[in-house]
Peer 1: 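One structure, as structure tokens, below. Some questions next.
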2 protein chains.
Amino acid sequence: MSEKPAEAVIRAWARLTRAQQRAQGEIEAALKAAGLPALAWYDVLLETERAGKGGLRPFELERAMLLAQYNLSRLVERMASAGLVERRPCDDDGRGHRVAVTDAGRVMRRRMWPVYAQAIERAVGNHLTAREAKTLGDLLGRLG
Amino acid sequence: MSEKPAEAVIRAWARLTRAQQRAQGEIEAALKAAGLPALAWYDVLLETERAGKGGLRPFELERAMLLAQYNLSRLVERMASAGLVERRPCDDDGRGHRVAVTDAGRVMRRRMWPVYAQAIERAVGNHLTAREAKTLGDLLGRLG
DNA sequence: TGCATCTTGATGCATATGCATGAATTCGTA
DNA sequence: TACGAATTCATGCATATGCATCAAGATGCA
């Protein structure tokens, strides 16, 4: 394994990056145009909502979001001072804490979703049939 | 058009981002581990080599790389002071200039390629059959 | 031609990221 | 239990990015 990549692999990689950059660019622009926070904030809100009442540990968020530790630490800090999440002491581990979404955070996520969803549709859905979208998702899942 | 995205579309988008981040992370790490410059530098070197003798205009690079204008301006500046590209006055347009690769730049790109190629294979090729890689590339091309 | 407008590119300033490291706590194990 | 190693998270400092704006040259058109 890990020899020279075939042409098709190189092309797939090049287009993967390009497609992602383009789509993300459009989506971020749509959010910003609507006066909403960036995508990363949405992801934190979603993960913390999914985690339920007790929230989750920063290192869990870090893995879920593929974010560097220091990066996540500061993201949470900014979101906390914006009132969208809160840090709570962690009973069973004195080193860390838990990050939980606030009511304002839940409201914000609901406000973001329609804009986000429409942008996804424009950037991705519009270019593919339903069948293609499924195939694409499956293939990308293999890389995950 | 542009209504609510289907589940498959949302999943495709989520995995697109995740797969790209993961692959890019691995590839950047491989380059860094080899003491080589980042991916963006490779792209500039490749584009300027492709452009041939006269190089190309910053705004062309900007579009080819989906990079913001100020961002590209500074990237070129750093690469120029590293001796990998050079800025030349532009005959037919006094506002701008041309960016051309230097010999050192060509050498650097050749040095980067084996590391880059192997990282692509590991991050992408290893997970897909040849047929799948082609399908993935085609589908991603539709988003471009 | 003359002047408003657009294009091209750079840059000051605020913000975000990367890197190295530190501080607190827990874990593994002798 | 005791203590070195590992985990969790924050932070100072350097670098990179985003935003607004500026300067200089091209372009269009009255």
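Residue numbers begin at 1 in each chain, while the letters A, B, ... track the order of the sequences.
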Peer 1: Return yes if some donor-acceptor pair links the side-chain N/O of Arg98(B) with the main-chain N/O of Gly55(B) below 3.5 Å, else return no.
Peer 2: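 Confirmed, Arg98(B) side chain pairs with Gly55(B) backbone.
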Peer 1: Could you state the atom-to-atom distance from CG of Leu72(A) to P of dG18(C) in whole Å?
Peer 2: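 To the nearest whole Å, that distance equals 12 Å.
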Peer 1: Enumerate the protein-to-nucleotides 12-14 of chain D contacts in which both atoms are nitrogen or oxygen and the separation is below 3.5 Å.
Peer 2:
unit_1: dG12(D); atom_1: O6; unit_2: Arg74(A); atom_2: NH2; d: 2.7

Peer 1: Could you list the residues that satisfy side chain to side chain donor-acceptor pair (under 3.5 Å) with Thr17(B), not counting sequence neighbours?
Peer 2: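 Here the qualifying residues are Gln20(A).
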Peer 1: Report yes if at least one side-chain N or O of Asn71(B) is closer than 4.0 Å to OP1 or OP2 of dA16(D); otherwise report no.
Peer 2: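 No.
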Peer 1: Detail all sub-3.5 Å separations between protein N/O atoms and N/O atoms belonging to nucleotides 5-9 of chain D.
Peer 2:
unit_1: dT7(D); atom_1: O2; unit_2: Arg95(A); atom_2: NH1; d: 2.7
unit_1: dT8(D); atom_1: O3'; unit_2: Arg57(A); atom_2: NH2; d: 3.2
unit_1: dC9(D); atom_1: OP1; unit_2: Arg57(A); atom_2: NE; d: 3.1
unit_1: dC9(D); atom_1: OP1; unit_2: Arg57(A); atom_2: NH2; d: 3.3
unit_1: dC9(D); atom_1: OP2; unit_2: Phe59(A); atom_2: N; d: 2.8
unit_1: dC9(D); atom_1: O3'; unit_2: His97(A); atom_2: NE2; d: 3.1

Peer 1: Quick one, which residues of residues 17-52 of chain A touch DNA chain D with a heavy atom under 4.0 Å?
Peer 2: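 Per residue number, the list reads Lys32(A).
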Peer 1: Does any N or O in the side chain of Arg142(A) come within less than 3.5 Å of the main-chain N or O of His127(B), such that one atom is a donor and the other an acceptor?
Peer 2: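 Yes.
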Peer 1: Roughly how far, to the nearest 0.5 Å, is CG of Leu139(A) from NZ of Lys134(A)?
Peer 2: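 Rounded to the nearest 0.5 Å, the NZ-CG separation comes to 9.5 Å.
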Peer 1: Between Leu75(A) (CG) and dA10(D) (C1'), how many Å, whole number?
Peer 2: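 About 14 Å, once rounded to whole Å.
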Peer 1: For residues 58-77 of chain A, please give each side-chain donor-acceptor pair under 3.5 Å, one per line with the distance, not counting sequence neighbours.
Peer 2:
unit_1: Glu60(A); atom_1: OE1; unit_2: Arg57(A); atom_2: N; d: 2.8

Peer 1: By side chain to side chain donor-acceptor pair (under 3.5 Å), which residues pair with Arg22(B), not counting sequence neighbours?
Peer 2: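 With neighbours one apart ignored, the set is Glu26(B).
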Peer 1: Taking CG from Leu56(B) and C1' from dT8(C), how many angstroms apart are they, rounded to a whole number?
Peer 2: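 Value for this atom pair: 15 Å.
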Peer 1: What distance separates Thr48(A) OG1 from Asp43(A) CG, expressed to the nearest 0.5 Å?
Peer 2: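 Thr48(A) atom OG1 to Asp43(A) atom CG measures 10.0 Å (nearest 0.5 Å).
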Peer 1: How close or far is atom C1' of dT17(C) from atom CG of Leu66(A), stated in whole angstroms?
Peer 2: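 Taking atom C1' of dT17(C) as the reference, CG of Leu66(A) is at 16 Å.
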Peer 1: For the helix from dT1(C)-dA30(D) to dA30(C)-dT1(D), what angle lies between the axis at the first five pairs and the axis at the last five pairs, to 10 degrees?
Peer 2: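 That helix has its two terminal axes inclined by roughly 30°.
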Peer 1: Check the distance between dA16(D)'s P and Met65(B)'s CE and give it to me in whole angstrom.
Peer 2: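 Between P of dA16(D) and CE of Met65(B): 14 Å.
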Peer 1: Identify all side-chain donor-acceptor contacts of residues 7-16 of chain A below 3.5 Å with residues at least two apart in sequence or on another chain.
Peer 2:
unit_1: Arg11(A); atom_1: NH2; unit_2: Asp138(B); atom_2: OD1; d: 3.4
unit_1: Trp13(A); atom_1: NE1; unit_2: Tyr116(B); atom_2: OH; d: 2.7
unit_1: Arg15(A); atom_1: NH1; unit_2: Gly137(B); atom_2: O; d: 3.1

Peer 1: Name all residues meeting the side-chain contact (heavy atoms from CB on, under 4.5 Å) criterion together with Arg106(A); count only those two or more places apart in sequence or in a different chain, and write none if there are none.
Peer 2: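 By the side-chain contact (heavy atoms from CB on, under 4.5 Å) rule, Arg106(A) matches Glu49(A), Val101(A), Asp103(A), Arg110(A).
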Peer 1: Anything under 3.5 Å between a donor and an acceptor, one on a side chain of residues 84-92 of chain A, the other on a protein residue two or more places apart or in another chain? List them.
Peer 2:
unit_1: Glu86(A); atom_1: OE2; unit_2: Arg88(A); atom_2: NE; d: 3.1
unit_1: Glu86(A); atom_1: OE2; unit_2: Arg88(A); atom_2: NH2; d: 3.1
unit_1: Arg88(A); atom_1: NH1; unit_2: Lys53(A); atom_2: O; d: 3.1

Peer 1: Just so I know, are the side chains of Met108(A) and Met112(A) near enough to count as touching, which here means a heavy-atom distance under 4.5 Å?
Peer 2: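 With C-beta onward as the side chain, the pair touches.
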Peer 1: Under the side-chain contact (heavy atoms from CB on, under 4.5 Å) test, which residues partner Leu46(A), sequence neighbours left out?
Peer 2: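 side-chain contact (heavy atoms from CB on, under 4.5 Å) list for Leu46(A), sorted by chain: Tyr42(A), Arg50(A), Arg109(A).
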Peer 1: Partners of Arg95(B) by salt bridge (Lys or Arg N to Asp or Glu O under 4.0 Å), sequence neighbours excluded?
Peer 2: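 Asp93(B).
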